[in-house]
Amino acid sequence: MKIKIKNLGEFQLKPGSALKDLIPEIKKISKELPVGFKYKDTYIDWHYTLNENISDDLELEPIFPSDKEALIFLRHTASHVLAQAVKELFPKAKLGIGPPTEEGFYYDIYYERPFNEEDFKKIEKKVKEIIKKNLSLERKEISKEEAKELFKNLEEDFKLELIEELPDSKVSIYSQGNFVDLCKGPHLLSTGQVKAIKLLSVAGAYWRGDEKNPMLWRIYGTAFFSKEELKAYLDRLEEIKKRDHRKLGKELELFTIEEDIGPGLVIWLPKGAIVRNIIENFWEEVHLQRGYQLVYTPHIALRDLWKVSGHLDFYAENMFPPMELENRAYQLKPMNCPFHIYVYNQKRRSYREFPIRYCELGTVYRFERSGVLHGLLRVRGFTQDDAHIFCREDQLEEELIKILDLVIYFLKVFGFSEYKIFLSTRPEKFVGSPEIWDKAENALKKALENKGLDYEIDPGEGVFYGPKIDLKIKDVLGRFWQCSTIQVDFNIPERFDIVYIGEDNRFYRPIMIHRALLGSLERFLGVLIENYAGAFPFWIAPVQIKVLTITDRNVNYGENVVKLLKKEGFRVEADFRNEKLNYKIRMAQKEKVPYMIILGDKEESDQVISVRTRKGEVINNLKLEDFINKIKIENQPEYLLNESS
RNA sequence: GCCGGCGUAGCUCAGUGGUAGAGCAGCUGAUUCGUAAUCAGCAGGGCAUGGGUUCAAAUCCCAUCGCCGGCUCCA
């Protein structure tokens, strides 16, 4: 039988033999040995044998250690090594699943008690031993019946459950030493090929993510082909820690979340509030330019409003409980949409008016379970940069395209140029008819295609009132964050029975689009803090310039400079303390102020300034006027856009 | 909500049964200094909260709250 391997040539293989029998031959012609292969969409490792898995002549695509996909092989094996280590140390442990992930791998393992730090160390040691032993892996295909027998004897209950649900009559198992695991692969040749591995953490995880199921212990780890790559990864984890918005938020005095005030409720401190204010002002300006109208609505409303909107039926578990007052129930708002319906309903609407676009920085409250709160990224009270657009069916696609334009513009201004787009379709719990949903889903698809944007479909992830497009933005460290959401809604207009008069003088139902571009200001600022590591670009920096004097003699001159800068509208702080320059620079540097102006006798006598940038560049003998002209340009939101393009 | 870990001064952290500690920040004084920490002194703590064990608890036990890492969910 012929095996063609891309770029390596053709090989003959006898039926019944494994791909690994080709290794000596391949080694002769290739410096580097592939870790495995890809055939169509499946990974094939060296352990595949001809009669079992491969019937016809086929062309395989080799995967080398330098390929990204090679990590899947490596991490699958790494997770087996981990599982073996745990089973050897704790024979009573039962295995769940152990897949590779984006960044590493994990194994979910049931054990009668939690693994503690000591266990963790032991496991780590055992893992290293197994790698050192360089055990060969082996793949076998057996019938489901045989597999059931095997795992029943091993008392691997979770594996039995998995086997039960596998669609094929045959399943594959991999073994190394005396360890066997149900696994579809792919794997490396032997445990010794796992060169750089690190176990990272243990945490409880429900079997199959369902809280009705027993809790297993999930051990996270990561593995790479080289120690250098592993180190780079661990360094990156350190970097992420350094950029944590919770840490920076405290250090830079941006925001606080106080135990006495309540979980998930954010206090914006002056420095953070000014950042938020600058973003809000910019946001409003752009919206007004683009044909939106600004509205304000209350934080609470009569509970009946939420009955009409459908929230009580479909969203109740995310809402704060009602408040009773003068025999009427009020409800803290989880969304802004019903209010905007009433703005719409102020008068009879004509088809000529459309599209009508209402926008609001609307603060909403949602009940999030305590365990999921996370700094600014997951809170209970947040301000959405919300808008609701009412339009006719024939305008829907164009409106969606405009929204996509707008969101891409905003993200660019804030330094995000890469994102993933998801189209979420009808969930299990939904209002309206399936036909209407299909219509809405199609409109979203067409808009995305019109803009030439790639997207993935997230089945069943839509909101109860309509399908949506979500954008996840990629930050400088390559992490993705969900902020923007665009949702088509045929249902709420119907529930509130809103109408417009058409050309033919008859009533029609408008379509509503919900959209938030930055998402919530809290989350967006959290992401922004991490993206910039707290060093905001000039136009949003809470303190843009810090004026430092060298001696007390220069204070008068310093006050003058500060006054002139403030007059121009810049956010300036003075550090005229009787301290050494180095000390003042260090402080300003830690506050991540973009520019320091340093004033000594020299500057004063020449009536100039010295400027030190956040990056450490020094410009001497600058006229204040020239500096102001330079930073005026830098103070525009689009400055960085123009710089990089 | 569930599982594990953690909670000591404004911040970062020492302190594991015997009188609460350090550095930074703050205040006072000295120093007047040129591109990432000048020196000295002072002040600052219900050890998350509430119970319990003990002659004695920051330390051991129980409960509650909060935070962190996950599960799940979403802006």
Side-chain angles (χ1 to χ4, degrees), chain A residues 106 108 113-117 120 200-220 244 246-247 250-251 253 256-264 315 317-318 334-336 362-364 366-386 424 461 463 468 470-472 481-485 487 514-524 526-527 548-555 577-590 596-603 610-614 616-620:
Chain A
Y106 65 82
D108 280 349
R113 61 166 180 84
F115 293 116
N116 56 36
E117 225 163 288
F120 200 74
L200 297 169
S201 61
V202 203
Y206 296 108
W207 171 236
R208 319 194 114 182
D210 190 335
E211 50 191 277
K212 286 181 215 100
N213 288 336
M215 187 162 276
L216 313 189
W217 304 110
R218 178 169 296 179
I219 302 179
Y220 281 93
D244 191 316
R246 292 166 299 188
K247 183 171 133 75
K250 190 170 264 178
E251 282 172 10
E253 298 179 4
T256 180
I257 297 171
E258 294 288 317
E259 196 170 331
D260 296 339
I261 288 168
Y315 206 71
E317 59 182 27
N318 286 299
M335 291 188 193
N336 301 303
T363 304
V364 297
R366 297 183 186 173
F367 175 72
E368 297 286 351
R369 302 201 289 178
S370 56
V372 304
L373 299 172
H374 182 95
L376 293 178
L377 301 180
R378 198 61 185 282
V379 293
R380 285 185 176 159
F382 58 99
T383 302
Q384 289 182 304
D385 67 317
D386 210 355
S424 301
E461 291 298 313
V463 206
K468 61 171 181 173
D470 287 333
L471 264 86
K472 290 191 182 171
W481 305 96
Q482 200 212 308
C483 293
S484 320
T485 183
Q487 307 168 350
H514 310 238
R515 42 114 288 197
L517 305 184
L518 309 179
S520 90
L521 290 171
E522 284 74 7
R523 179 177 288 178
F524 191 73
V527 173
L548 318 179
T549 46
I550 291 180
T551 78
D552 287 346
R553 289 191 300 279
N554 315 119
V555 169
R577 289 178 298 177
N578 176 15
E579 295 285 355
K580 288 182 105 168
L581 180 62
N582 275 342
Y583 175 82
K584 295 191 198 182
I585 287 174
R586 185 179 157 80
M587 288 301 147
Q589 198 76 46
K590 286 182 83 173
M596 294 168 222
I597 290 181
I598 291 152
L599 304 174
D601 292 342
K602 252 191 286 176
E603 284 77 9
S610 280
V611 172
R612 183 193 161 102
T613 70
R614 189 160 51 188
E617 298 147 341
V618 176
I619 312 156
N620 289 317

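Chain letters run A, B, ... following the sequence lines, proteins first, then strands; residues in each count from 1.
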Round to the nearest Å and state the distance from [X] atom [atom1] to [N] atom [atom2].
X	N	atom1	atom2	value
A:Met587	B:rA37	CE	P	10 Å
A:Lys250	B:rC67	NZ	P	12 Å
A:Leu518	B:rA75	CG	C1'	11 Å
A:Asn582	B:rC39	CG	P	12 Å

[X] vs [N]: side-chain N/O to OP1/OP2 distance below 4.0 Å:
X	N	result
A:Arg553	B:rC33	yes
A:Ser201	B:rG69	no
A:His514	B:rA75	no
A:Lys468	B:rA75	yes
A:Arg612	B:rA36	yes
A:Arg577	B:rG26	yes
A:Tyr206	B:rG4	no
A:Tyr583	B:rA25	yes
A:Arg246	B:rC68	yes

inquiry  = Before you tell me yes or no, could you show the steps for A:Ile550 and A:Lys584 under side chain to side chain contact (heavy atoms under 4.5 Å, CB included), namely the whole-Å CA-CA distance, both residues' side-chain angles and the distance that decides it to 0.1 Å?
reply    = CA-CA 9 Å; A:Ile550 291 180; A:Lys584 295 191 198 182; over 6 Å; no

message = Has A:Asp385 got a side-chain atom pairing as donor or acceptor with A:Leu518's backbone, closer than 3.5 angstrom?
response =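 Between the backbone of A:Leu518 and the side chain of A:Asp385 there is a qualifying donor-acceptor contact (under 3.5 Å).
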
Using the [atom1] atom on both, measure [N] against [M] and round to a whole Å.
N	M	atom1	answer
B:rC47	B:rA20	P	11 Å
B:rC24	B:rA36	C1'	15 Å
B:rG45	B:rG10	P	8 Å
B:rU59	B:rG52	C1'	15 Å
B:rC71	B:rG50	C1'	30 Å
B:rC62	B:rA43	C1'	38 Å
B:rG70	B:rA9	P	26 Å
B:rU12	B:rC67	P	15 Å

Tell which nucleotide pairs with [N], taking only Watson-Crick or G-U wobble pairs whose two distances are both under 3.5 angstrom.
N	value
B:rG44	none
B:rC60	B:rG52
B:rG1	B:rC71
B:rU38	B:rA30
B:rC11	B:rG23

Remember a base hit wins even if backbone is also touched, and classify [X] as base, sugar-phosphate or nothing at under 4.0 Å, heavy atoms.
X	result
A:Val202	nothing
A:Ser610	base
A:Thr485	sugar-phosphate
A:Gly519	sugar-phosphate
A:Ala205	sugar-phosphate
A:Glu461	sugar-phosphate
A:Tyr220	sugar-phosphate
A:Lys584	nothing
A:Asp210	nothing
A:Glu579	base
A:Gly209	sugar-phosphate
A:Glu368	base
A:Asn620	base

From [options], nucleotide with atom closest to [X] side chain:
X	options	value
A:Thr551	B:rU32, B:rG66, B:rC3	B:rU32
A:Leu581	B:rC67, B:rC3, B:rU35	B:rU35
A:Arg369	B:rA75, B:rG69, B:rG1	B:rG1
A:Gln487	B:rA75, B:rA36, B:rU32	B:rA75

ask   = Does any non-hydrogen side-chain atom of A:Glu617 lie less than 4.5 Å from one of A:Arg612?
value =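 Side chain of A:Arg612 against side chain of A:Glu617, heavy atoms only: no contact under 4.5 Å found.
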
inquiry  = Contact between A:Ile219 and A:Phe120 at the side-chain level, heavy atoms closer than 4.5 Å - yes or no?
reply    = yes

ask   = Which heavy-atom pair separates A:Trp217 from A:Arg113 by the least distance, and what is that distance?
value =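 It is NE1-O, 3.3 Å.
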
task = Check the pair A:Thr383 / A:Glu522 against side chain to side chain contact (heavy atoms under 4.5 Å, CB included), numbers first and verdict last.
result = CA-CA 7 Å; A:Thr383 302; A:Glu522 284 74 7; 3.9 Å; yes

inquiry  = Under the criterion side chain to side chain contact (heavy atoms under 4.5 Å, CB included), I'd like the reasoning laid out for A:Tyr315 against A:Val463: C-alpha separation, chi angles, the key distance, then a yes or no.
reply    = CA-CA 10 Å; A:Tyr315 206 71; A:Val463 206; 5.5 Å; no

query = So does A:Glu603 reach the base of B:rG34 with its side chain, donor to acceptor, closer than 3.5 Å?
reply =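 Answer is yes: a donor-acceptor pair is held.
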
task = Under the side chain to side chain contact (heavy atoms under 4.5 Å, CB included) rule, what do A:His514 and A:Gln384 come out as? Steps first, then yes or no, please.
result = CA-CA 11 Å; A:His514 310 238; A:Gln384 289 182 304; over 6 Å; no

inquiry  = Applying the 5.5 Å / 30° rule, does A:Phe382 stack onto the base of B:rA75?
reply    = yes

request  = For the pair A:Lys468 and A:Asp470, find out whether any cationic side-chain nitrogen is under 4.0 Å from an anionic carboxylate oxygen.
outcome  = yes

Closest-nucleotide 5' rank along RNA chain B - winner of A:Glu211 and A:Arg218 =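 By nearest-heavy-atom nucleotide position, the 5'-most residue is A:Glu211.
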
